[in-house]
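Chain identifiers are assigned alphabetically (A, B, ...) following the order of the sequence lines, protein sequences preceding nucleic acid strands; residue numbering begins at 1 within each chain. On a predicted model such as this, the values are computed, not experimentally measured, just so you know.
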Number of protein chains: 2
Amino acid sequence: MPIKIVLFEDNDRLRESLAYLLKMNGYDVVGDYNQCTDAANIARVYEPDVVLMDIDMPGDNGIKGVQWIKESRPQTSVIMYTVFEDDEKLFECLCAGANGYLLKKTPPARLFDAIQEVLEGGAPMSPVIARKVLNTFQVKATSNKYNLSPREIEVLQWLIKGYSIKIIAAEMKLAFDTVRSHLKNIYQKLHVNCGKEAIAKALSERIV
Amino acid sequence: MPIKIVLFEDNDRLRESLAYLLKMNGYDVVGDYNQCTDAANIARVYEPDVVLMDIDMPGDNGIKGVQWIKESRPQTSVIMYTVFEDDEKLFECLCAGANGYLLKKTPPARLFDAIQEVLEGGAPMSPVIARKVLNTFQVKATSNKYNLSPREIEVLQWLIKGYSIKIIAAEMKLAFDTVRSHLKNIYQKLHVNCGKEAIAKALSERIV
DNA sequence: AAGGGTATCGCTCATTAGGGGGAGTTTGTT
DNA sequence: AACAAACTCCCCCTAATGAGCGATACCCTT
């Protein structure tokens, strides 16, 4: 059976062109809309396999669209299709549940590949987008802005696992008070007052 | 000028086949090694545009290889080329600075595309890898696997900010012991024994 | 009406953690 | 040689926390 696709795109000519292209290539475009206010219902009723979602639309934007579709019918794959490549919109879409992110400059051939890819459990992204996503993992470069000594980093790593001072001392074969000393210095360097804050800061800023 | 490539792969036949294939397709394979202990120097000396890096190698593994190359010559693009698709190795590689991640089942044609893509500032990933990466942004969906009640989630959110019980009670306009009650229940549901563990678990699993 | 889950609050007790101090050793730098 | 920084260990004291018992009240489902 053909793959069912729904389009959300407020530019009428682009949307109709896309629908035409997709139909010509054997896809079943079961709906195309210029705004996504009713996206949740549309997903429930038409049960599309794939949704192509623009971001900038009158009324509710595509980010809300993804959210609603993912809430009402998670098995539908949503591919963002937009001109925006700024970090903010990108990561909002990803958190909202987007399964792919293509820029509008993507050639139609790649668009068909992307639909295939997302159906096979992939996550099609334009190259510049994929790079941005990968870069979020590499922020460790900023790790040493607090000038933690090697030993302090080691202690912090144990702390982050939720271990108590006593356990850390045992693991590192140190005296209880030595670990406490390190912790005091860590707290000073991180500008925090307790282990909980230190863990929170270390994990959210990916210090270790 | 031709694109300079270095290979790190301990399987001799695979490595030689890859080198052959790449050379046949116009790439300049300036080096191929069965271990990556000297990767930093190799990167500095041969100044490759792209490195294909295996993970499982005798001596130091490819994760260290990426780290060293990225430290000694960041402008070299490193694509992991491995059979591993477990989360742990994947994200270690990404944090180490990998610019792409291809599984060894990738057909050669896609390999060439990937090299092109990474040179153009992209981040080639096998579909299943890309999906894993995107999923890290969406784990909010799995948030409720511990059945935390709304109030408990609220308390946990304050806890994650590093606040003490006293402060949390004040912020939520609750009695000290009420907050402690919620915390006890949270610890039970998360299977942890103290606040530090709870914070660690909540942040690393993005429960809130 | 009864039971389960949630939310609220209370108490005690032992353990843990944090703040304040000091002090010795090694290592590397000036 | 002098100095700083890191690493190690010790003491005292107070505050915070976790475990173990409660309790009451509300809402919802059965």
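Spacing between atom CG of Asn147(A) and atom C1' of dA5(D) amounts to 11 Å, rounded to whole angstrom units. Distance CG (Asp177(A)) to P (dC7(D)): 17 Å, rounded to an integer number of Å. Residue Ile199(B) contributes atom CD1, which lies 10 Å from atom P of dT17(D) at whole-angstrom precision. For the pair Arg151(B) CZ and dT6(C) P, the computed distance is 14 Å after rounding to whole Å. We find that CZ of Phe176(B) is positioned 12 Å from C1' of dC9(C), with the value rounded to whole Å. Rounding to whole angstrom units, NE2 of residue His182(A) and P of dC9(D) are separated by 8 Å. In this structure, Arg180(B) atom CZ and dA23(D) atom C1' are separated by 15 Å, rounded to whole Å. For the pair Asn193(A) CG and dA15(D) P, the computed distance is 16 Å after rounding to whole Å.
Among the nucleotides dA6(D), dT6(C), dC9(D), the one closest to any side-chain atom of Lys189(A) is dA6(D).
Contact check on Glu117(B) versus Arg110(B) returns a salt bridge, with a Lys/Arg side-chain nitrogen under 4.0 Å from an Asp/Glu carboxylate oxygen. Glu92(B) and Lys89(B) are not joined by a salt bridge, as no carboxylate oxygen comes within less than 4.0 angstrom of a charged side-chain nitrogen.
More than 12 heavy-atom neighbours from other residues, nucleotides or ligands sit within 6.0 angstrom of CZ on Phe176(B). Under a cut-off of 6.0 angstrom, the local environment of CD in Gln75(A) is crowded, with over 12 non-hydrogen atoms contributed by other residues, nucleotides or ligands.
At a threshold of 4.0 angstrom between heavy atoms, the contacts of Asn185(B) with the nucleic acid are absent. Among the heavy atoms of the strands lying under 4.0 Å from Lys184(A) is at least one base atom, whether or not backbone atoms are also near. Heavy atoms of Ser164(B) sit under 4.0 angstrom from primed sugar atoms or phosphate atoms, though from no base atom. Residue-level contact check: Thr178(B) touches the bases, meaning some heavy atom is under 4.0 Å from a base atom. In this structure, Lys196(B) reaches the sugar-phosphate backbone alone: every heavy-atom distance under 4.0 Å involves primed, P, OP1 or OP2 atoms, never a base.
For the side chain to side chain donor-acceptor pair (under 3.5 Å) with Glu9(B), the lone residue among Lys104(B), Arg15(B), Gln35(B) that qualifies is Lys104(B).
With contacts defined as side-chain heavy-atom distances shorter than 4.5 Å, the pair Phe137(B)/Val133(A) qualifies.
Over its length, the helix from dA1(C)-dT30(D) to dT30(C)-dA1(D) turns its helix axis by 50°, as judged from the five terminal pairs at each end, rounded to 10°.
Taking 3.5 Å as the limit, the base of dC9(D) and the side chain of Ser181(A) contain a donor-acceptor pair of atoms between them.
With 3.5 Å as the limit, one finds no donor-acceptor pair spanning the side chains of Glu152(A) and Tyr146(A).
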